[in-house]
Amino acid sequence: MTEKDKMLNGENYNSRDSELLRMYHKARKLLKEYNNLDSELTKERDRILNHLFEFKGKGVWIETPFFCDYGENISIGENTFVNTNCMFLDNNKISIGKNGLIAPYVQIYTASHPLKASDRIIENRNETRYLTSTKPVTIGDNVWIGGNSVIFPGITIGNNVTIGAGSIVTKSIPDNVLAYGNPCEVKKELK
Ligand SMILES: CC(=O)SCCNC(=O)CCNC(=O)[C@H](O)C(C)(C)COP(=O)(O)OP(=O)(O)OC[C@H]1O[C@@H](n2cnc3c(N)ncnc32)[C@H](O)[C@@H]1OP(=O)(O)O
């Protein structure tokens with residue numbers, strides 16, 4: 001099993017593996033190009049995002065600067081808008097549905113590390129490295145995520161959800177609700 005397979009399977013893996021580093025550098029090049037493009041160059045922006053992401057629906061707009069680890073684990077449904085300075089750490093799949101609104105500085109994390117330093121840090125004669133494991137993040141259709149929110153590994157957010165600004169989403173959120181806070185909790189149903 002490759003380190004990439006382990007990464008996508010949620011097992012501990014070495015993020016400095018050569019295949020993963022190649023993916024990382026490819027994404028860095030595409031992001032550098034994307035983040036420096038003039039906003040009216042829409043065809044060029046689409047070309048880069050189609051190359052970067054696993055899937056991008058029609059009408060997706062990603063403000064710059066945008067940051068991600070690999071890009072190839074990200075799917076974004078049609079008409080979803082991602083505002084400036086978002087960070088999607090796609091060490092596992094990040095799937096966002098259609099008609100989403102993602103406010104500035106939203107961070108979506110799929111990666112985590114062992115809690116105990118002695119489990120986290122692997123030292124040998126040649127190098128010191130860290131163990132990482134991942135879980136996917138799934139966000140439904142018609143979801144608005146307020147600015148500065150952080151979505152944790154393994155979270156599912158349902159359809160037609162609003163997440164208030166500054167939320168730390170540590171547990172999954174069902175369909176049709178308003179939720180906010182640290183930790184993020186359901187405040188009311190939106191029927
Ligand atoms: C795609 C884009 O770029 S969007 C642009 C970026 N904009 C944003 O990120 C704004 C996000 N909006 C919010 O967070 C809003 O507060 C919402 C949508 C969650 C709620 O709005 P409203 O329903 O109008 O809530 P309202 O202002 O009446 O507040 C109700 C209560 O919840 C509290 N509250 C509201 N939002 C939050 C929040 N994000 N975190 C903590 N508490 C909150 C209020 O302080 C208030 O408390 P009180 O009853 O003790 O006085």
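All ligand and atom numbering here is 1-based and tracks the order in the structure.
A salt bridge does not link Glu72 to Lys93: none of the charged nitrogens lies less than 4.0 Å from a carboxylate oxygen. Ion pairing between Glu33 and Arg47 holds under the 4.0 Å rule for side-chain N and carboxylate O. With respect to the salt-bridge test (charged N to carboxylate O, under 4.0 angstrom), the residues Asp46 and Lys56 qualify.
A continuous path of hydrophobic side-chain contacts links Ile48 to Met87 [ILVMFWY only; heavy atoms under 4.5 Å]. Neither Phe55 nor Ile102 shares a network with the other; the hydrophobic side chains, linked directly or stepwise wherever heavy atoms of I, L, V, M, F, W or Y lie under 4.5 Å apart, form separate groups for each. Hydrophobic clustering of Ile, Leu, Val, Met, Phe, Trp and Tyr side chains at less than 4.5 Å, counting indirect connections, keeps Ile76 apart from Trp61.
Atom 25 (O) of ligand 1 is not flagged as protein-proximal [any protein heavy atom, distance under 4.0 Å]. Atom 11 (C) of ligand 1 lies below 4.0 Å from at least one non-hydrogen atom of the protein. There is no protein heavy atom less than 4.0 angstrom from atom 45 (O) of ligand 1. Atom 51 (O) of ligand 1 is not flagged as protein-proximal [any protein heavy atom, distance under 4.0 Å].
Considering both main-chain and side-chain atoms, Gly146 never comes within under 3.5 Å of ligand 1 through any nitrogen or oxygen pair. Between Asn83 and ligand 1, an N or O atom pair is found at a separation short of 3.5 Å.
Given atom 18 (C) of ligand 1, the protein heavy atom at minimum distance is Trp144 CZ3, 3.8 Å. Closest protein heavy atom to atom 9 (O) of ligand 1: Gly147 N, 2.7 Å. For atom 14 (O) of ligand 1, the nearest protein heavy atom (residue, atom name, distance) is Ala165 N, 2.8 Å. The protein heavy atom nearest to atom 30 (C) of ligand 1 is Tyr180 OH, 4.1 Å.
For an aromatic pair to be called close, the ring centres must be under 6.0 Å apart, and Tyr109 with Phe88 fails this.
Judged by the 6.0 Å distance and 45° axis criteria, Arg22 is not positioned over the aromatic ring of Tyr24. Both the sub-6.0 Å distance and the 45° axial angle are satisfied by Lys187 relative to the ring of Tyr180.
Below 4.0 Å from some heavy atom of Pro104 lie the following atoms of ligand 1, by number and element: 3 (O). Atoms of ligand 1 lying under 4.0 Å from any heavy atom of Leu101, numbered from 1 in the order shown and given with element: 1 (C). Listed by number with element, the atoms of ligand 1 under 4.0 Å from a non-hydrogen atom of Gly164 are 14 (O), 19 (C), 39 (N).
Close to ligand 1: Leu178, with a non-hydrogen atom less than 4.0 angstrom away.
Of the heavy atoms in Asn148, none comes closer than 4.0 Å to ligand 1.
Checking Ser167, Ala103, Cys86 against atom 6 (C) of ligand 1, the nearest heavy atom belongs to Ala103.
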